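This report refers to the structure that appears directly beneath it.
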Amino acid sequence: FTHNRILCRIYDGTKWSDQTYTLYNGSAGEVTGMDAELLADGTAAVAFSVQNGDSSDIYYTLVDTAAENPEDAAVTIRATADGSRDEKPQLTTAGGQFVLGWSSVRTQTGAEQRDVGLRVFGKNGAPQSGDNGAGGKQEMLGMQYANHMTPTVDIGGESYKVELVYADNGSDSAKAPTAASELVSKDVSLVLGTYGSSCAMAGGPIFGEAGLAAIGVTCTNPQVTAGNTHYFRICFLDNFQSAVLSNFAKDKFAAKTAYCLGENGNEYDQGLVTFFKQAFEKAGGTVVTDSFPKDNSDFSSYLNKAKDQGCDVIFAPVSIAYSTQLVSQAASLNVGIPFLGSDTWDDNMVLQAAKGTSVQAFVSTFYAEGGNKTFDDGIKAYINGNADAKTTNGGDDTISAVTAMGYDVYYVALEALKAAGSTDPAKVMEALPGVTYDGVSGHIAFDETGDAIRDTAYIKTIDSASNAWKFVTQQKAS
């Protein structure tokens, strides 16, 4: 009997830890290759190949070396599961990210095909396509599941196969117009997305010029739909969720002083901070605001300032990448102030960052797991039966609200196509204002601006004991 494991000890700069931690227990097969790297903030990654029969797969484990129990805080993600011989993993770092490469050999029509696999991921483990790449992929996961369940639509008595066409803006507003132009060039009937208000605003004019309607899924800044007739959305707006979180801070914590933190120059972050400040001060509270530069990775000065100023809550409407760093660093610094997070925080990467800590985070979001059992059971089965979907979802089957919204927007799009009686973009745009749909996230209808008519948000919190999101309440803006 051979117990094939990966073990580690941690060096703190002067000595090695007395305790040995288990990073892999041998349950998936024999380890055939391994490499490790370390980021400047102390996050370590161990990549390894595991042989199981004739195939082998690549895994990687993220280790917070500063955690009280690194083994409990470790997160393992399966990078490949396609029947190939994926082996010889090699790790390096660049720009605060891990870069993982490996050899991939598969047999097709009797011949061996050799490739090199590549993945870039951050300290939370999610494959990167910009700071909000993970959220955007989870949003699309809902669309992909809906397309899997309903791959056709009847238009004017004729059945059409629905094809999902993709363009990646890398969560970068400078690249959004190019991605929008790519979709226009592919002659799509309707656009779903994009994830992130900044990118939606930057790419929106391209759709308008092309006479192509777009339905935002979770892009919440009011400016996305303002002053145009082509952009719609199915989510609530930032002024609404800011008021919701301001009211929650008063109701839950009797908060008098709030610390607001966002990325400098980010329309989403700064818009939410402005709306929250207005609502909180109108209710008699005091607000301390700060902004951090793009690609910042050290939040200690900001967190310590919130603590020194005696703030009761920290409102940080930031990307998934930044939110996980805030949670991890708040735990290390023992800040002890509850976080209020916007819809971007509703991600299982945040759960992983909070695992094994006492950090409190309360998040406003569009959907809470348990809201629709049929959907919950179906999407979980889809995720667990599809290795790529599970990787996209962060390695487990926790349901993100943006995935539920992606699911709903797909069916709103089908209703628009049916109402138009055509795939012609102009007719689809003309039909959209009158479209209604009862989705898993609630009733969807549009007002005269193209915004969704919504009056309630879900508030969820982290249950550290079960490492899951826990429903707290439904909160209104007034």
Side-chain angles (χ1 to χ4, degrees), residues 220 236-264 266 268-292 296 299-320 322-347 350-351 353-354 357-366 368 401 456-464 469-478:
T220 50
F236 52 61
L237 275 65
D238 287 340
N239 51 351
F240 171 81
Q241 72 168 323
S242 293
V244 161
L245 287 167
S246 173
N247 289 344
F248 180 76
K250 291 286 187 180
D251 295 344
K252 174 73 174 179
F253 302 108
K256 296 179 180 178
T257 305
Y259 183 76
C260 294
L261 181 65
E263 182 187 13
N264 188 34
N266 186 303
Y268 173 83
D269 299 23
Q270 297 303 325
L272 274 160
V273 167
T274 298
F275 290 128
F276 182 92
K277 185 174 186 291
Q278 291 170 353
F280 198 77
E281 288 181 341
K282 185 177 180 181
T286 300
V287 176
V288 179
T289 62
D290 263 324
S291 296
F292 59 86
N296 184 69
F299 292 92
S300 58
S301 63
Y302 304 103
L303 294 168
N304 284 327
K305 181 176 178 180
K307 190 172 183 179
D308 293 343
Q309 301 251 340
C311 296
D312 302 303
V313 293
I314 297 174
F315 177 54
V318 297
S319 70
I320 297 166
Y322 291 134
S323 61
T324 55
Q325 293 178 67
L326 281 168
V327 168
S328 298
Q329 292 175 36
S332 299
L333 295 168
N334 194 27
V335 171
I337 303 172
F339 283 103
L340 302 178
S342 56
D343 57 280
T344 50
W345 282 58
D346 183 21
D347 189 276
V350 178
L351 288 178
T357 76
S358 59
V359 172
Q360 295 184 76
F362 296 84
V363 176
S364 63
T365 191
F366 314 103
T456 305
Y458 293 88
I459 303 292
K460 300 196 290 193
T461 191
I462 295 170
D463 183 347
S464 56
W469 289 110
K470 178 182 178 183
F471 172 72
V472 177
T473 187
Q474 286 187 327
Q475 184 86 29
K476 293 184 180 292
S478 58

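These figures come from a predicted structure and were not determined experimentally.
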field: Considering all heavy atoms, the nearest Ala249-Leu340 contact
entry: CB-CD1, 3.8 Å

statement: The ring-ring contact (aromatic ring centres under 6.0 Å, His included) partners of Phe362 (sequence neighbours excluded) come to Phe248, Phe253

query: What are the two closest heavy atoms between Thr461 and Ala361, and how far apart are they?
result: OG1-O, 2.8 Å

task: Just jot down the side-chain hydrogen bond (donor to acceptor under 3.5 Å, both in side chains) partners of Thr220, sequence neighbours excluded, or say none.
output: Asp238

message: When you compare the side chain of Val359 with that of Ile462, does any pair of heavy atoms fall below 4.5 Å?
response: no

field: Partner residues of Lys250 under the side chain to side chain contact (heavy atoms under 4.5 Å, CB included) criterion, sequence neighbours left out
entry: Phe280, Ala283

task: Could you grab the distance from atom CD1 of Ile320 to atom CG of Asp347, nearest 0.5 Å is fine?
output: 4.0 Å

query: Which atom pair, heavy atoms only, marks the closest approach of Ala279 to Ser246?
result: C-OG, 3.6 Å

message: For the CZ atom of Phe339 and the CG atom of Leu245, what is their distance to the nearest 0.5 Å?
response: 14.0 Å

statement: The side chain to side chain contact (heavy atoms under 4.5 Å, CB included) partners of Ser291 (sequence neighbours excluded) come to Asn264, Gln270

- request: Apply side chain to side chain contact (heavy atoms under 4.5 Å, CB included) to Asn296 and list each qualifying residue two or more places apart in sequence or on a separate chain.
  value: Phe292, Pro293, Phe299, Tyr302

task: Could you list the residues that satisfy side-chain hydrogen bond (donor to acceptor under 3.5 Å, both in side chains) with Ser300, not counting sequence neighbours?
output: Asp298

message: Please enumerate all residues that pass salt bridge (Lys or Arg N to Asp or Glu O under 4.0 Å) together with Lys256, with sequence neighbours excluded.
response: none

- line: dist Ile459:CD1 -> Trp469:CH2 (nearest 0.5 Å) comes out at 11.0 Å

From Thr473 atom OG1 to Tyr458 atom OH, the distance as rounded to the nearest 0.5 Å: 11.0 Å

- line: In terms of heavy-atom contacts, Ser464 and Thr357 come closest through CB-O, 3.7 Å

- request: Tell me, please, which residues at least two apart from Gln360 pass side-chain hydrogen bond (donor to acceptor under 3.5 Å, both in side chains).
  value: none

Side chain Asp463, main chain Lys470, donor-acceptor under 3.5 Å: no

Those residues that, when tested against Glu281, pass side-chain hydrogen bond (donor to acceptor under 3.5 Å, both in side chains) (two or more places apart): Lys277

- prompt: Can you list the residues that meet the salt bridge (Lys or Arg N to Asp or Glu O under 4.0 Å) rule with Lys252, with sequence neighbours excluded?
  reply: none

Side chain to side chain contact (heavy atoms under 4.5 Å, CB included) partners of Ser342, counting only residues at least two apart: Gln241, Tyr268, Leu272, Pro317, Thr344, Trp345

field: Spacing of Leu333 atom CG and Leu326 atom CG [to the nearest 0.5 Å]
entry: 10.5 Å

message: Test of understanding: with salt bridge (Lys or Arg N to Asp or Glu O under 4.0 Å), list the residues that count as partners of Asp251, not counting sequence neighbours.
response: none

- prompt: Distance from Ile314 atom CD1 to Leu261 atom CG, nearest 0.5 Å?
  reply: 8.0 Å

- prompt: At their closest point, which heavy atom of Val350 faces which heavy atom of Ser323, and how far apart are they?
  reply: CG2-OG, 3.5 Å

